[in-house]
Protein chains: 2
Amino acid sequence: MAHRGNHTGLHVEIRSISNDRSVQFRAARVEAMPPCLYGKAMSIATTESPWGSTPRKHRSKFQLKRDAVLEAAAALFRQRGYEGASLNELADILNITKPTIYYYVESKDRLLLDIKIQVQEQILTFMKATVAGPGTALEKLRAIMIRYAEFMMSDYGTCLSLIANREIGEKGRIEVETRIEEANQILYRLLDQGKREGSMVVPDRVVACHGLFGSLNWMSQWAKPDGRLPPDKLIPMHVDILLSGVAAPTARAPDKPKRRRS
Amino acid sequence: MAHRGNHTGLHVEIRSISNDRSVQFRAARVEAMPPCLYGKAMSIATTESPWGSTPRKHRSKFQLKRDAVLEAAAALFRQRGYEGASLNELADILNITKPTIYYYVESKDRLLLDIKIQVQEQILTFMKATVAGPGTALEKLRAIMIRYAEFMMSDYGTCLSLIANREIGEKGRIEVETRIEEANQILYRLLDQGKREGSMVVPDRVVACHGLFGSLNWMSQWAKPDGRLPPDKLIPMHVDILLSGVAAPTARAPDKPKRRRS
DNA sequence: CCTACCGATCGGTAGG
DNA sequence: CCTACCGATCGGTAGG
């Protein structure tokens, strides 16, 4: 059984789809006017096609629309919560009807799951790249936390902490929790390394990991992108408070090990 | 408009009602056999009664049962989430029917709200007493965080962070957020005092406050009372990691102000 | 034989 | 404190 506490997030790049999601689907509706031809092309595209470039273009159109569904869903989940968000409202936002959503996603549960997995994959990629790169363990941890916090202020990232994994189905929960466990292992190794290097003081890596990233998971509850502090000031400040604490150095220096070389 | 992020929790003392909540209501059911009389007595009890000691006994019985409803509801909310918990299931747990719940609470929203407010009041009381007592600001903050974390591992405390305040009604949300704001002001003053004393380093009191207590709010997502570390070991460890950070002292000492006397 | 949908409605269940 | 229900709306799916 994987850990329940998660500290896995994923940044979502600003999509080129435009903020007015309805445009996407209004266009689609017009294109669908000649159903047979349009339909034919799509069919070829979604299966392996021996023909030239046109099918690929159509396939990407499906992907673009699917992405628009995920994006709008993430924003709605953030606003209303998972249970509070209805597929009818999501459909309204997208200027389509509810059954159309089911053309792009298999269920509401899966919709959330797809969002979560996408974010998790992105953060995992960043974590692996960062760990493999240069710097002390502390510097790497800081970079990961900052990136993680950035995710947590996006609609996609919010979905990670918005809904307990228990609320997704059994199969999907495992998919999510496997990635959480993978991320945790990376972070545990990083904390161990920091301890060996002397760049960190870690009494317990599990508690430290959950303590630090738990605070980042909670960020979406209070940090607004348009708040008093802009995200690029708020995030490093928040991360550094977590890394350094608020206790004055003198208050704890005596009983702290300076460094231990391996 | 009050802050959305909250760091307000409340400890719930172990109630004497016993863990087998059904006992409470099985007894009640027998008493209810003559519905009119029982109902009448209850009715008298809940309003101001000019009579002797009997009504008081009834009143306390009503309160005990009401408390049992809140307690079972808190546990169920923790297990299923607010939306995921149905009042029928709650009734089954208590060996009563759904309408009976409405005898003790006015609505599902209000049920959650009553739990939240009760916890908030308890933590606020503790915070005020601690602030008024002896010790440095850092010591006081630590005591508050530990007590707060204890709450966060209880069923009642979990309800504070389980559901966004948006999901309660407008009127109730204000009741909750007013207390959050009150708690925040106490914490801000404590952080300011720590800064003046030199016992703390606080670049921004709002970020520090949310950062520290956000991590405690998240605790209920991963810390289990029966986990690897018992709560009395886990909680101080977690709090100290937040207060002192994980960065080795040498890594940040240079640019840190030692103390500033007022 | 496919796609991209639509209008209408399914069985269940929520809070009250 | 129960039986018997209500208005509404949920996620999901039918045929065309």
Side-chain angles (χ1 to χ4, degrees), chain A residues 24-49 54-55 57-59 61-66 68-69 73 76 80-92 94-112 167-169, chain B residues 24-43 46 58 61-62 65-66 68-69 73 80-92 94-112 167-169:
Chain A
Q24 194 64 233
F25 279 91
R26 287 221 185 88
R29 219 176 245 183
V30 173
E31 287 165 350
M33 280 305 184
C36 294
L37 180 62
Y38 187 68
K40 189 72 177 294
M42 290 292 278
S43 161
I44 292 171
T46 50
T47 60
E48 56 283 357
S49 162
T54 345
K57 195 173 130 206
H58 282 144
R59 169 165 170 76
K61 207 172 282 185
F62 176 87
Q63 281 294 340
L64 278 174
K65 289 181 184 176
R66 190 184 131 86
V69 171
L76 194 63
R80 304 231 186 273
Y82 176 67
E83 314 262 13
S86 84
L87 295 186
N88 273 322
E89 183 174 4
L90 177 59
D92 282 349
L94 290 163
N95 278 103
I96 55 176
T97 60
K98 192 170 56 173
T100 305
I101 293 175
Y102 282 86
Y103 180 71
Y104 294 102
V105 295
E106 82 177 44
S107 69
K108 193 189 183 188
D109 276 11
R110 189 75 217 184
L111 178 56
L112 170 64
E167 297 182 32
I168 326 172
Chain B
Q24 192 65 234
F25 279 92
R26 286 220 187 87
R29 217 175 248 182
V30 173
E31 288 166 346
M33 279 306 182
C36 294
L37 182 62
Y38 187 69
K40 189 70 178 298
M42 294 289 280
S43 158
T46 50
H58 281 145
K61 208 172 283 184
F62 176 86
K65 290 181 185 176
R66 188 184 132 87
V69 172
R80 302 232 187 274
Y82 176 67
E83 314 263 13
S86 83
L87 294 185
N88 273 322
E89 184 175 1
L90 177 60
D92 282 348
L94 290 163
N95 280 103
I96 55 176
T97 59
K98 190 170 59 172
T100 305
I101 294 175
Y102 280 86
Y103 179 72
Y104 294 101
V105 294
E106 80 175 47
S107 70
K108 194 189 184 190
D109 276 11
R110 189 73 217 185
L111 178 54
L112 170 63
E167 297 181 34
I168 325 171

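We name chains A, B, ... by the order of the sequence lines, and we start the count at 1 in each one. Treat the numbers as computed from the prediction; the structure is a model and nothing was measured.
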**OP:** State, with a plain yes or no, whether a side-chain heavy atom of A:L111 is found less than 4.5 Å away from one of A:Y104.
**Re:** no
Subject >> Validation row: A:R66, A:V105 side chains within 4.5 angstrom (heavy atoms) >> reply: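 A side-chain contact exists here, since the closest heavy-atom pair is under 4.5 Å.
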**OP:** Can you spot which of B:I101, B:N95, B:T100 makes a side-chain contact (heavy atoms from CB on, under 4.5 Å) with B:T97?
**Re:** B:T100
[X] [atom1] to [N] [atom2]: how many Å, rounded?
X     : N     : atom1 : atom2 : value
B:N95 : D:dC1 : CG    : P     : 11 Å
B:R66 : D:dC1 : CZ    : C1'   : 17 Å
A:F62 : C:dC2 : CZ    : P     : 16 Å

Original post:
Quick one: does B:K108's side chain have a donor or acceptor within less than 3.5 Å of a partner on B:A85's backbone?
Top reply: yes
Original post:
For B:D109, does its backbone N or O pair with a side-chain atom of B:Y82 as donor and acceptor, under 3.5 Å?
Top reply: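 A pair under 3.5 Å: yes.
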Subject >> Under 4.0 angstrom between B:Y104 side-chain N/O and D:dC1 OP1 or OP2 >> reply: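 Yes, within the criterion.
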Original post:
Quick one: is C:dC6 close enough that its OP1 or OP2 comes under 4.0 Å of any side-chain N or O from A:T97?
Top reply: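 So the side-chain polar atoms of A:T97 do come within 4.0 Å of the phosphate oxygens OP1 or OP2 of C:dC6, strictly under.
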Subject >> Span that lies between the C1' atom of C:dC5 and that of D:dG15, in whole angstrom >> reply: 13 Å
Original post:
Taking the same atom, P, in C:dA8 and in D:dG12, what whole-Å distance lies between them?
Top reply: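 Comparing P positions in C:dA8 and D:dG12 gives a spacing of 22 Å.
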Original post:
With sequence neighbours excluded, what pairs up with B:D92 under the side chain to side chain contact (heavy atoms under 4.5 Å, CB included) test?
Top reply: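 Expected list: none.
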**OP:** Output all residues satisfying side chain to side chain contact (heavy atoms under 4.5 Å, CB included) with B:E106, sequence neighbours left out; order by chain, then residue number.
**Re:**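 Applying side chain to side chain contact (heavy atoms under 4.5 Å, CB included) to B:E106 gives B:R110.
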Any N/O pairs under 3.5 Å between the protein and nucleotides 9-12 of chain D? List them or say none.
{"from": "D:dG11", "atom 1": "OP1", "to": "A:A85", "atom 2": "O", "distance (Å)": "3.2"}
{"from": "D:dG11", "atom 1": "OP1", "to": "A:K108", "atom 2": "NZ", "distance (Å)": "2.4"}
{"from": "D:dG11", "atom 1": "OP2", "to": "A:L87", "atom 2": "N", "distance (Å)": "3.3"}
{"from": "D:dG11", "atom 1": "N7", "to": "A:K98", "atom 2": "NZ", "distance (Å)": "2.7"}
{"from": "D:dG12", "atom 1": "OP2", "to": "A:Y102", "atom 2": "OH", "distance (Å)": "2.5"}
{"from": "D:dG12", "atom 1": "OP2", "to": "A:K108", "atom 2": "N", "distance (Å)": "2.8"}
{"from": "D:dG12", "atom 1": "O5'", "to": "A:Y102", "atom 2": "OH", "distance (Å)": "3.1"}
{"from": "D:dG12", "atom 1": "N7", "to": "A:K98", "atom 2": "NZ", "distance (Å)": "3.1"}
{"from": "D:dG12", "atom 1": "O6", "to": "A:K98", "atom 2": "NZ", "distance (Å)": "2.7"}

Subject >> Minimum-distance nucleotide (side-chain atoms of A:T100 versus D:dC1, C:dC5, C:dT3) >> reply: C:dC5
Original post:
In Å and rounded to the nearest 0.5 Å, what is the CG to NZ distance from A:L87 to A:K98?
Top reply: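 Rounded to the nearest 0.5 Å, the CG-NZ separation comes out at 6.5 Å.
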**OP:** Hey, could you give me the CZ/CG distance between A:R80 and A:L90, rounded to the nearest 0.5 Å?
**Re:**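 Going from CZ on A:R80 over to CG on A:L90, the span is 11.5 Å.
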**OP:** Fill in the dot-bracket string of DNA chain C, one character per base: . for unpaired, | for a pair to another strand, ( ) or [ ] for pairs within the strand, taking Watson-Crick or G-U pairs under 3.5 Å.
**Re:** .....|.|.||.|.|.
